Structure formats: C-alpha cells, structure tokens
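From a predicted model like this one, the values you see are computed outputs, not experimental measurements.
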Amino acid sequence: MTDDELEPIFDPVSYGRALAERERPLSISQIKVITRTVGRTPEVMVKVVNKGSSSPAGVSGQVGYIGRQGEVALETGDGEILQGQEAAKTLLEDWNLDLIQQRGKIELTPNKPKQPPRLVYKLIFSMPAGTPPEKVQAAVRNFAREEFALKHRYVMALHTDEPHPHVHLVLKARSDNGQRLYLRKATLRQWREGFARHLRALGVAANATPRFVRGENTPQKPDGIYRARSRVESTHWQKRVRAVAQEIVQGKLQVEPGKAKLIRTRQQVHRGWQAVSTELARQGHPEIAAQVKRYVEQMPGPLTEKEYIATKLLEHGREPQIREIEFAR
C-alpha cells in the first residue's frame with residue numbers, strides 16, 4: 001500500500017490541538033491532503049438512504065429503483081451484469097432476506113428496541129457535474145471490491161439522469177457467515193476517503209474532507225427532501241423559506257440556539273489551519289502556507305440554516321424560487 005492509503009484522515013483541528021503540546025511535522029501525505037483541500041479539489045459524496053432497508057419488499061423496491069425497473073444494468077459483487085426485473089428478483093431470493101428478517105425478530109428481547117432489523121444499506125456515491133460517469137462507476141467498483149469482497153454481498157448501478165454522476169449500491173447488512181455490519185460516522189468518513197482515493201487512482205481529482213473543516217455553510221437535508229426540492233415539490237423547504245421571509249419582513253429574525261456552537265467550531269477550525277500554515281512555512285513550503293492563509297480568509301462566516309436562507313433571500317432582493325436556494329445532500 002502507498003503512504004496515501006496508510007495515512008489516517010487529516011483533521012487540522014485535531015492537528016492544531018496536538019501541536020500545542022509538541023512539535024508535529026507534517027508528512028508528505030498530509031501535505032498532499034492540505035494542498036487538495038485549499039486548492040478546492042472536488043469533494044466526493046457518500047450518503048446512506050434509510051428508506052426501504054428493513055423489509056424484503058422495501059429492499060426489492062430499492063433494487064427496482066436503482067435498476068430503473070429493468071432498464072438500467074445492475075452489477076453484482078461477483079462482476080455479474082443483470083438486466084431486467086426477473087434477474088433482480090432472483091438475486092434478492094439468493095440473499096435469503098426473508099429468513100434473515102425472521103431470525104432478527106426472534107433475536108429481539110424486552111431489553112432491545114422492538115424494531116425490524118436492517119437488511120441492507122443503500123449507499124449513494126456521487127461526484128460533481130462534469131466528472132466522467134465511467135470513472136465514478138469504476139471507482140465505486142474498485143472501492144466495493146476492496147471493502148466488501150468475500151464479506152458482504154452487494155449490487156450497484158450507475159445513474160446519469162442528473163448533472164452529477166452517481167452510483168447506487170445496495171449492500172447486504174449481514175454477511176454469509178452471519179456477521180452484521182454496523183455503520184458509524186467514522187465508517188462513512190473512511191468510505192469517503194476510500195472512494196476519493198480510488199478516483200484519484202483513475203486520474204480524477206477528488207478529495208474527502210469534513211464540511212466543517214472547509215467552512216461549509218450549505219444546509220444538509222435528508223435525501224427525500226433534497227430530491228423533492230430539486231423538483232420544486234418540497235413542502236418542508238417551502239415552509240422553511242416562507243417562515244424566514246416572514247421574520248425578515250417583521251424585522252425580527254430569530255437565530256437558532258446552535259449559533260454559539262457554530263462560532264466555537266469555526267474558531268477551532270481557524271486555529272487549526274493557522275497552525276498548519278505555520279508548520280508548512282517552517283518545513284519550507286511557503287507557497288502552500290500562504291495558500292492556506294488565503295483559504296481561511298475566504299471562508300464565509302458560520303451561518304445557521306435560518307441565517308443561510310435569510311442571506312439568500314436578501315441576495316435576491318425578493319422571495320426567490322425554491323430551487324434558487326440550495327442545500328447540501
């Protein structure tokens with residue numbers, strides 16, 4: 001494995017804290033991550049969709065959706081290409097989801113939450129518009145083989161019906177030997193970096209840094225709300241925008257309680273990047289050190305969701321169309 005593969009995910013906030021205790025030279029791999037981040041290399045997206053993951057019927061619907069009811073080719077972890085609704089049905093029967101569901105119900109006890117066990121994880125791997133779709137698909141294929149081969153079965157499909165190419169992957173939660181997969185925030189972080197690494201191996205510029213490290217303000221919403229908003233059908237988002245607009249008209253925008261935490265986090269981010277810049281200069285990388293300083297200076301101020309909406313409304317000078325106010329997936 002290369003140094004890029006072995007290096008833990010770089011977090012400037014943690015680096016800045018540790019630097020206060022002792023000197024910590026930056027490795028070549030860390031400098032590469034820093035250079036990609038401050039150079040605004042495109043960020044990968046890995047998302048988990050919860051809907052339809054706890055019943056065989058729900059999973060069947062998910063596989064039908066990613067295969068566009070037989071019109072889009074499905075690819076299994078074995079490299080088999082499946083086409084048509086019957087092929088997908090046969091695949092799921094082979095996964096024995098009915099048996100796993102029944103076994104999960106038996107395992108429930110009064111001390112455990114009485115909710116149906118998750119049968120699959122549905123993942124979405126995405127890159128910004130302009131990224132070659134075949135490279136996105138190949139990167140997901142290579143990542144999945146590395147991460148899940150001989151452990152968990154999966155099926156995937158490439159979608160190109162939106163500007164950003166993306167791959168849907170349905171992953172069986174329980175392996176054939178009975179081991180269950182549990183996802184944590186750290187897991188998703190590692191998967192984002194793994195996806196980005198495989199894209200870079202294919203010649204695609206890709207990065208995987210946390211939003212707060214980049215000073216990202218765009219609000220995040222669940223996948224269902226995001227897709228409804230993209231069709232201008234999100235009643236949740238419409239109500240949110242109109243409520244903020246009303247507060248602006250009344251001259252009393254009430255900021256959410258989380259604002260203080262956002263400010264503290266941003267201060268930590270700034271201190272971390274400043275420590276990185278100082279260390280880069282000490283190690284003989286003045287150009288990158290200066291780029292880090294500019295990157296921090298150009299970060300927008302930390303905004304709550306309401307402040308973000310208010311800013312967009314005031315930029316337009318009127319109540320904009322719902323699709324004009326973006327949020328992150």
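The distance from atom CZ of R174 to atom CG of L99, rounded to the nearest 0.5 Å, is 9.5 Å. Within the model, atoms CG of N96 and CG of D94 stand 6.5 Å from one another, a figure rounded to the nearest 0.5 Å. Interatomic distance, CG of L82 versus CG of L91, reported as 6.0 Å (0.5 Å rounding). Atom-to-atom distance recorded for H198:NE2 and R145:CZ is 10.5 Å, nearest 0.5 angstrom. Rounding to the nearest 0.5 Å places CG of L253 at 9.0 Å from OG1 of T311. Atom CD of E305 is separated from atom CG of L262 by 11.5 Å, given to the nearest 0.5 angstrom.
One N or O on the side chain of R266 and one on the backbone of P300 form a donor-acceptor pair closer than 3.5 Å. Between the side chain of K135 and the backbone N or O of G203 there is no donor-acceptor pair closer than 3.5 Å. Of the possible polar contacts, none joining the Y15 side chain to the L26 backbone as a donor-acceptor pair under 3.5 Å is found. In terms of modelled atom types and a separation under 3.5 Å, the side chain of K172 and the main chain of V155 share no donor-acceptor contact. In terms of modelled atom types and a separation under 3.5 Å, the side chain of D11 and the main chain of V13 share a donor-acceptor contact. Formation of a donor-acceptor pair under 3.5 Å by the R271 side chain with backbone atoms of G16 is not found in this model. Remark: the backbone N or O of Q274 is not paired with any side-chain donor or acceptor of S277 at under 3.5 angstrom. When atom types are taken as modelled, the side chain of Q137 and the backbone of V167 share no donor-acceptor pair closer than 3.5 angstrom. Side-chain atoms of Q83 do not come within 3.5 Å of backbone N or O of L74 as any donor-acceptor pair.
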Just list the side-chain donor-acceptor pairs under 3.5 Å for residues 49-61, sequence neighbours left out, or say none.
from : atom 1 : to   : atom 2 : distance (Å)
N50  : OD1    : R118 : NH2    : 2.9
S53  : OG     : N50  : O      : 2.9
S55  : OG     : G58  : N      : 2.9

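The cluster map of Ile, Leu, Val, Met, Phe, Trp and Tyr, joined by side-chain heavy atoms under 4.5 Å apart, puts Y65 and W95 in the same cluster. L202 and V46 are not part of a single hydrophobic cluster, where members link through side-chain heavy atoms under 4.5 Å apart. Criterion: ILVMFWY side-chain heavy atoms under 4.5 Å apart, direct or through other members. Under it, I263 and M299 are not part of a common hydrophobic cluster. Connection of L188 to L171 is established within a shared hydrophobic cluster, with ILVMFWY side chains joined at heavy-atom distances below 4.5 Å, either directly or through further cluster members.
Other residues, nucleotides and ligands contribute over 12 non-hydrogen atoms within 6.0 Å of the CD atom of Q250.
Taking the side chain as every heavy atom from C-beta outward, I309 and E247 never approach each other to under 4.5 Å. Here the side chains of E307 and K259 are in contact, with some heavy-atom distance below 4.5 Å. Side-chain contact check for V48 versus L123: some heavy-atom pair is nearer than 4.5 Å. For the pair N207/R192, no side-chain contact is recorded, criterion being any heavy-atom separation below 4.5 Å from C-beta on. Between Q268 and R17, some side-chain heavy-atom pair lies under the 4.5 Å cut-off. Contact check for P133 versus L158: side-chain heavy atoms found under the 4.5 Å cut-off. For the pair R36 and K32, the minimum side-chain heavy-atom distance is below 4.5 Å. The shortest distance between side-chain heavy atoms of E147 and Y154 does not fall below 4.5 Å.
In summary, E43 and R211 do not engage in a salt bridge, as defined by a charged side-chain N under 4.0 Å from a carboxylate O. Between E256 and R240 a salt bridge is recorded (basic side-chain N to carboxylate O distance below 4.0 Å).
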Query - Trace of the salt bridge (charged side-chain N to carboxylate O under 4.0 Å, His left out) decision for R282 with E279 - result: CA-CA 5 Å; R282 190 190 70 80; E279 180 59 24; 2.7 Å; yes
**Report entry** Worked check of side chain to side chain donor-acceptor pair (under 3.5 Å) between N177 and S175
**Finding:** CA-CA 5 Å; N177 63 9; S175 67; 2.3 Å; yes
Query raised in the report: Does the side chain to side chain donor-acceptor pair (under 3.5 Å) test come out yes or no for R40 and Q298, once each step is laid out?
Result: CA-CA 12 Å; R40 304 187 189 282; Q298 293 169 1; 3.2 Å; yes
Query raised in the report: Where do F195 and M127 land on the side-chain contact (heavy atoms from CB on, under 4.5 Å) test, with the steps shown first?
Result: CA-CA 10 Å; F195 177 36; M127 277 292 283; 4.3 Å; yes
Query raised in the report: Would Q179 and K151 count as a side-chain contact (heavy atoms from CB on, under 4.5 Å) if you check the C-alpha gap in whole Å, the side-chain angles of each, and the deciding distance to 0.1 Å?
Result: CA-CA 9 Å; Q179 187 174 12; K151 292 183 288 187; over 6 Å; no
Report task. Begin with the C-alpha distance, continue with both residues' side-chain angles, and end with the deciding distance and a verdict on salt bridge (charged side-chain N to carboxylate O under 4.0 Å, His left out) for E134 and R141. Result -> CA-CA 10 Å; E134 68 278 4; R141 179 186 298 119; over 6 Å; no
Query - Evaluation steps, side-chain contact (heavy atoms from CB on, under 4.5 Å), between F125 and L199 - result: CA-CA 11 Å; F125 297 79; L199 281 165; over 6 Å; no
Requested in this report: Go through the steps to decide whether I66 and V72 satisfy the test side-chain contact (heavy atoms from CB on, under 4.5 Å), and finish with yes or no.
Outcome: CA-CA 8 Å; I66 72 171; V72 172; over 6 Å; no
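For Y121 and H152, the ring centers sit 6.0 Å or farther from each other.
Among all heavy-atom pairs drawn from A73 and I81, the shortest one is CB-CG2, 3.9 Å. Closest non-hydrogen pair, V296 versus H270, comes out as CG1-CD2, 3.5 Å. Residues P165 and T131 share a closest heavy-atom pair of CG-O, 3.3 Å. Shown here for T41 and A206, the closest heavy-atom pair between the two residues is CG2-N, 3.4 Å. For H168 against H166, the heavy-atom pair with the smallest separation is NE2-CD2, 3.2 Å.
Note: W273 and F10 have perpendicular aromatic rings, judged against thresholds of 30 and 60 degrees for the angle between ring planes.
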